Amino acid sequence: MFEEAQYFAPVAANDDGTVEVQLAASHPGFADPVYRARRNAIAALAVGYVPGTPIPTAEYTEQEHEVWAIVSRELALKHRKYATAEYQRAVTRLGLPGDRIPQLQEVGDLLEPLTGFRYIPAAGLVPLRDFYGVLADGLFHSTQYIRHHSTPLYTPEPDVIHEVIGHANALASDRYAALYRLAGQAARRVESDEALEFVSKVFWFTLEFGVMTDDGELRAYGAGILSSYGEIEEFRGMDIRPLDLAAMGTTHYDITKYQDVLFRADSLAHLEDVVGGFWESCDDEAVLRLIAEGRQG
Ligand code: NLE
Ligand code: FE2
């Protein structure tokens, strides 16, 4: 099974309408009953969500808003140093609140006039084909809960900080948003699961964990780096490889740790040419050729 599946806590919907999020024993919130109850309540909002209707409001606690405020403040400082200029411009364009968690409805209301993207709530794992496919329609599946207050620096599980500070800021850029849409079109075009997995790994190594040369510096544009104020301090010391489709689509990664292999584009135009060009036109046959190439390399 594709690795990405592992980082979503499974959600069980009970007959009585309650929802139970399964956390691993190693999860920082595992032994915290208050956190467990919050996760269940927030997952229930997404389980009951009807597409096309307003996203249910998550009534966040003071402590949850505080986690957002701390992480948001730390990240804002680090983005100035480590995020690409395009991402930084998009941050200003979107104008997310720094002192409280914005509702997903609000995030979509800010984004839509800029790039047409809207958010939809996800209780847990969304099948790859749906998650990526609807990007082509300008829809982004997003978790709504926040990481445990004991681990603000980093979480392997995508949470509202990752989805919004990482992805929504990027989606406020016309150029990055166009790449997300192309990834969605590619996910819809390929037929085999193998090709879909390849497309999604290229997404992982670019829009999730991509870095590029920007203004003569190595900077991040991937949402997974930009939402972790622990990892953002470390990525420049990782094994940085040149942008290479065959390698990205076939390289193994472990989502539970800081990413030790990263792929660097020479510029945003380079990323658009290579990765955007691939997503724009790839089919199963082209992907199979790249997989064979990646296995040899
Ligand atoms: N590690 C990221 C963070 O702490 O924000 C989340 C990554 C989700 C793929
Ligand atoms: Fe993500």
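Since the structure is predicted, the reported quantities are computational estimates derived from the model, not experimental observations. As the structure lists them, so they are numbered: ligands from 1, and atoms in each ligand from 1. These values consider heavy atoms only, across backbone and side chains, with no hydrogens, waters or symmetry-generated copies. Index from 1, following the sequence.
Checking only distances, Ser227 does come within under 3.5 Å of ligand 1, N or O to N or O. No N or O atom of Trp204 sits closer than 3.5 Å to an N or O atom of ligand 1. Ligand 1 has no nitrogen or oxygen under 3.5 angstrom from a nitrogen or oxygen of Glu231.
Using a 3.5 Å distance cut-off with no hydrogens or angles, the side chains of Ser150 and Tyr35 do not pair a donor with an acceptor. For Gln22 and His27, the side-chain atoms include no donor-acceptor pair closer than 3.5 Å. Looking at Asp130 and His141, their side chains never bring a donor and an acceptor atom within 3.5 Å of each other.
Looking only at N/O/S atoms, His162 comes nearest to the Fe ion (ligand 2) through NE2.
Proximity annotation for atom 4 (O) of ligand 1: of Val160, Leu226, Thr155, Thr155 comes nearest, heavy atoms only.
With Phe117 as the aromatic partner, Arg181 meets the cation-pi criteria of under 6.0 angstrom to the ring centre and within 45 degrees of the ring axis.
Per-residue contacts place Gly224 under 4.0 angstrom from the following atoms of ligand 1 (heavy atoms of the residue considered): 2 (C).
Centred on the Fe ion (ligand 2), the OE2 atom of Glu208 and the NE2 atom of His167 lie at an angle of 90°, reported to 10°.
With respect to the salt-bridge test (charged N to carboxylate O, under 4.0 angstrom), the residues Arg38 and Asp32 do not qualify.
With a 4.5 Å cut-off on side-chain heavy atoms, Tyr119 and Val164 count as touching.
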